Amino acid sequence: MSTSLRLETVTPATIDAALALRVHPHQERNVAPVATSLAEAYAFGEAAWPRLIFDGDELVGFLMAFLDLQWNAKKDPDDRRSGLWRLNIAAEKQGKGYGRFAVEAVRDELRRRGASQLYVTWEPGDDGPGVFYDRLGFRTTGETSGDQIVGVRDI
């Protein structure tokens, strides 16, 4: 993995490249496109933390974290969680450690903000990212969010 990896905010100079980012076609059912994530980031305000993943000057991915989000108000109004909301690694850049870097970057940001756990949700199935999250130490909680599996990892 490159030592020149970094996260950047989306800017007018990077928006077109961000919107053009594509995962493998068979993964498109598992993750929303960057445009949807940016619209949700706008709608959720401070609870959303969208970032572009660069390797040197090359855009290789996009992530969005959720910060201190009320999880299930009807079940427990005090249950607030933070975690990885979206992860889109460019199709031709997968398998090079960028996804792992993204998860660890979110972990570091959440730790900096005082969180003790990192949550993630994913689509179940053979083409889903469950094995990836498993390898990174996430364990399923037994919950679902919509149709997605909920995982958590201590940080």
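The model shown is predicted, which means the values in this text are computed figures rather than measured ones. Just so it is clear, the values below take in all heavy atoms, side chains as well, and ignore hydrogens, waters and symmetry mates.
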| message | As an exercise, state the distance from CD of Glu92 to NE2 of His24, rounded to the nearest 0.5 Å. | response | 8.0 Å
| message | Taking Asp79 first and then Arg81, would you say they form a salt bridge - that is, a charged N and a carboxylate O separated by under 4.0 Å? | response | yes
| query | Does the Asn88 side chain pair with the main chain of Arg22, one donor and one acceptor, at a distance under 3.5 Å? | reply | no
| query | Looking only at heavy atoms, what is the nearest atom pair of Ser37 and Arg86, with distance? | reply | OG-NH1, 2.9 Å
| Does any N or O in the side chain of Gln70 come within less than 3.5 Å of the main-chain N or O of Pro77, such that one atom is a donor and the other an acceptor? | yes
| Atom pair CG (Asn30) and CG (Asp127), whose distance is rounded to the nearest 0.5 Å | 6.5 Å
| said: What I want to find out is whether Glu104 reaches Arg153 closely enough, with some N-O distance under 4.0 Å, to be called a salt bridge. | reply: yes
| query | Ring centroid separation for Phe138 and Trp122, is it under 6.0 angstrom? | reply | no
| field | Which residues share a salt bridge (Lys or Arg N to Asp or Glu O under 4.0 Å) with Glu109, sequence neighbours left out | value | Arg112, Arg113
| query | So, for Phe66 and Trp49, is the gap between ring centers shorter than 6.0 Å? | reply | no
| How close do Arg80 and Asp68 get, heavy atom to heavy atom, and via which atoms? | NH2-O, 2.9 Å
| Nearest heavy atoms of Leu84 and Leu118, plus distance in Å | N-CD1, 3.7 Å
| If Ile, Leu, Val, Met, Phe, Trp and Tyr residues are connected whenever their side-chain heavy atoms lie under 4.5 Å apart, and connections chain through other members, are Tyr98 and Phe54 in the same group? | no
